[in-house]
Visitor: 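This is the structure, below, for whatever I ask next.
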Amino acid sequence: MTAAALPPAFTAAVTTAAVLGCLAYLAAAARLRARGDAWPYGRDALFCAGGAVLVAGVAEPWGSAPPFTAHMLTHLCVGMVAPLLLVLGRPLTLTLRAAPVPVRRGLVALTRARWAAVPVLPPVAALLDFGGLWLLYRTPLLSVSHHSAWLNAAVHLHILLAGVLFSFGLLALDPVRHRPGMALRAAVLLAAGAAHAVLAKSLYAAGPPGTSFAAADLHLASQVMYYGGDAVELALAAVVACRWYRAEGRALRRARRTDRPTPRGTTAAAATRW
């Protein structure tokens with residue numbers, strides 16, 4: 001079975017959007033620095049790397065690879081690596097700091113809206129992302145999408161958006177209405193990683209319904225999914241753990257300041273002043 005190629009118009013649209021998005025990001029960061037505000041250059045690099053990985057994913061430069069393996073490499077780039085890098089660039093925070101006031105007000109209203117908070121809740125985002133993968137690979141959806149280039153494009157668009165929502169909600173780097181607790185985020189990441197690993201192992205044993213990929217192709221693709229997914233999930237876990245460590249450190253410092261005994265003589269001096 002051969003993999004369906006993405007429509008050239010879809011590839012061109014994603015490439016154009018990625019290039020324009022990176023240029024807009026760099027312009028906003030330069031504007032911020034020009035007025036004296038700090039913005040780490042590392043975030044520029046992360047966001048542009050995410051755009052480059054996204055373009056590579058839809059351009060599919062591994063065309064000579066076995067079809068299911070090539071599909072899985074695209075899935076890994078579009079649905080996991082690119083979303084993580086883009087979210088690490090904190091584009092929403094940058095926009096809130098660099099955009100004109102009317103745009104900022106609109107974004108603040110959007111981030112505070114109840115409905116906007118639902119898709120980025122880690123359990124909901126994980127269901128959209130990893131539930132969608134189970135639907136794709138354990139129903140005839142992949143077989144059907146291989147006969148329709150635009151359905152294939154819609155599947156990849158869902159993979160991209162769901163990946164962005166999952167990384168955004170799990171890392172919670174940008175300002176959101178409700179920031180979930182670290183324990184919930186860690187539990188969701190653990191459950192999502194397990195679901196991804198089980199799905200990859202099941203593909204090693206049996207391909208998606210309605211498909212007829214060669215056994216060697218299935219094995220290689222499932223290994224790409226398993227080990228590639230592990231690498232991205234470890235990166236997510238490292239970011240969550242670092243933020244957890246810093247939050248605990250700040251809480252500990254606040255507690256120490258609160259519990260610090262009042263220096264001798266302070267009360268008397270204050271009473272004298274009053």
Side-chain angles (χ1 to χ4, degrees), residues 9-55 57-58 78-129 132 153-154 156-182 184-185 188 236 239-240 243 246-247:
F10 175 77
T11 301
V14 172
T15 301
T16 303
V19 171
L20 292 178
C22 290
L23 291 176
Y25 183 101
L26 294 175
R31 181 183 177 190
L32 211 61
R33 295 186 186 107
R35 73 183 189 199
D37 292 352
W39 187 258
Y41 285 97
R43 293 179 188 171
D44 297 23
L46 288 167
F47 190 84
C48 292
V53 171
L54 178 58
V55 170
V58 295
V78 173
M80 300 192 78
V81 180
L84 171 61
L85 293 172
L86 292 172
V87 169
L88 286 176
R90 303 191 186 191
L92 178 58
T93 301
L94 175 63
T95 307
L96 286 171
R97 291 177 61 181
V101 173
V103 177
R104 256 182 278 174
R105 286 176 179 165
L107 281 176
V108 169
L110 177 65
T111 57
R112 291 179 180 174
R114 289 180 182 276
W115 63 267
V118 174
V120 295
L121 285 174
V124 177
L127 183 63
L128 291 173
D129 192 2
H156 281 81
L157 185 61
H158 170 81
I159 288 174
L160 170 63
L161 297 178
V164 169
L165 285 177
F166 180 70
S167 295
F168 185 91
L170 189 79
L171 299 181
L173 299 172
D174 291 299
V176 291
R177 176 185 174 87
H178 172 65
R179 195 180 298 275
M182 293 291 185
L184 175 63
R185 283 189 262 170
V188 168
L236 286 165
V239 176
V240 171
R243 291 181 61 77
R246 290 177 183 175

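The figures here come from the full heavy-atom set of this structure, side chains too, leaving out hydrogens, waters and symmetry mates.
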Visitor: For the side chain to side chain contact (heavy atoms under 4.5 Å, CB included) test, which of V58, V19, V55 pairs with V14?
Guide: V58
Visitor: Where do G89 and L46 come nearest, in terms of heavy atoms and distance?
Guide: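 Closest pair (atom of G89, atom of L46, distance): N-CB, 4.4 Å.
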Visitor: Please report the shortest heavy-atom distance between C22 and C48, naming the atom on each side.
Guide: SG-CA, 3.8 Å
Visitor: Would you name the heavy atoms of L96 and P175 that are closest together and state the gap between them?
Guide: CD1-CG, 3.4 Å
Visitor: Got a donor-acceptor contact below 3.5 angstrom from the R90 side chain to the D174 backbone?
Guide: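 Pair absent, no side-chain N/O of R90 close to backbone of D174.
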Visitor: Tell me whether the NZ or CZ atom of R43 lies within the 45° cone about the ring axis of Y25 and under 6.0 Å from its centre.
Guide: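 Geometry flag: not set, cation outside 6.0 Å or 45°.
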Visitor: Hey, is CZ on R112 packed in by over 12 heavy atoms from elsewhere, all under 6.0 Å?
Guide: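 For R112, atom CZ is not crowded (no more than 12 foreign heavy atoms under 6.0 Å).
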Visitor: Taking all heavy atoms of P123 and all of L184, pick out the closest pair and write down the distance.
Guide: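 Where P123 meets L184 most closely, the heavy atoms are CG-CD1, 4.3 Å.
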Visitor: Can you tell me how far CG of L26 sits from CZ of F47, rounded to the nearest 0.5 angstrom?
Guide: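 Result: 8.5 Å between the selected atoms.
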Visitor: Could you grab the distance from atom CG of L88 to atom CG of L171, nearest 0.5 Å is fine?
Guide: 6.0 Å
Visitor: Return yes when atom CZ of R105 has more than 12 non-hydrogen atoms of other residues, nucleotides or ligands closer than 6.0 Å, and no otherwise.
Guide: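 Not more than 12 within 6.0 Å, no.
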Visitor: For residues G169 and R185, report the shortest heavy-atom separation together with the two atoms involved.
Guide: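 Closest pair (atom of G169, atom of R185, distance): O-CD, 4.1 Å.
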Visitor: What's the spacing between L160 CG and D129 CG if we round to 0.5 Å?
Guide: 10.5 Å
Visitor: Heavy-atom distance under 4.5 Å between the side chains of L127 and F166, does that happen here?
Guide: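 Answer no - side chains too far apart.
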Visitor: Is the side chain of R104 donor-acceptor paired with the backbone N or O of R97 at a distance under 3.5 Å, no angle test?
Guide: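 Side chain of R104 to backbone of R97, a donor-acceptor pair under 3.5 Å: no, none is there.
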Visitor: Would you sort out whether L173 and T93 count as a side chain to side chain contact (heavy atoms under 4.5 Å, CB included), showing the intermediate values?
Guide: CA-CA 8 Å; L173 299 172; T93 301; over 6 Å; no
Visitor: Looking only at heavy atoms, which two atoms of G132 and H158 are closest? And how far apart?
Guide: CA-NE2, 4.2 Å
Visitor: Using modelled atom types and a 3.5 Å cut-off, is there a donor and acceptor pairing between side-chain atoms of S167 and backbone atoms of V164?
Guide: no
Visitor: More than 12 foreign heavy atoms under 6.0 Å from CZ of R35: is that the case here?
Guide: yes
Visitor: If I take atom CG from residue L94 and atom CG from residue L32, how far apart are they, to the nearest 0.5 angstrom?
Guide: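 Answer for the CG-CG pair, L94 versus L32, is 6.5 Å.
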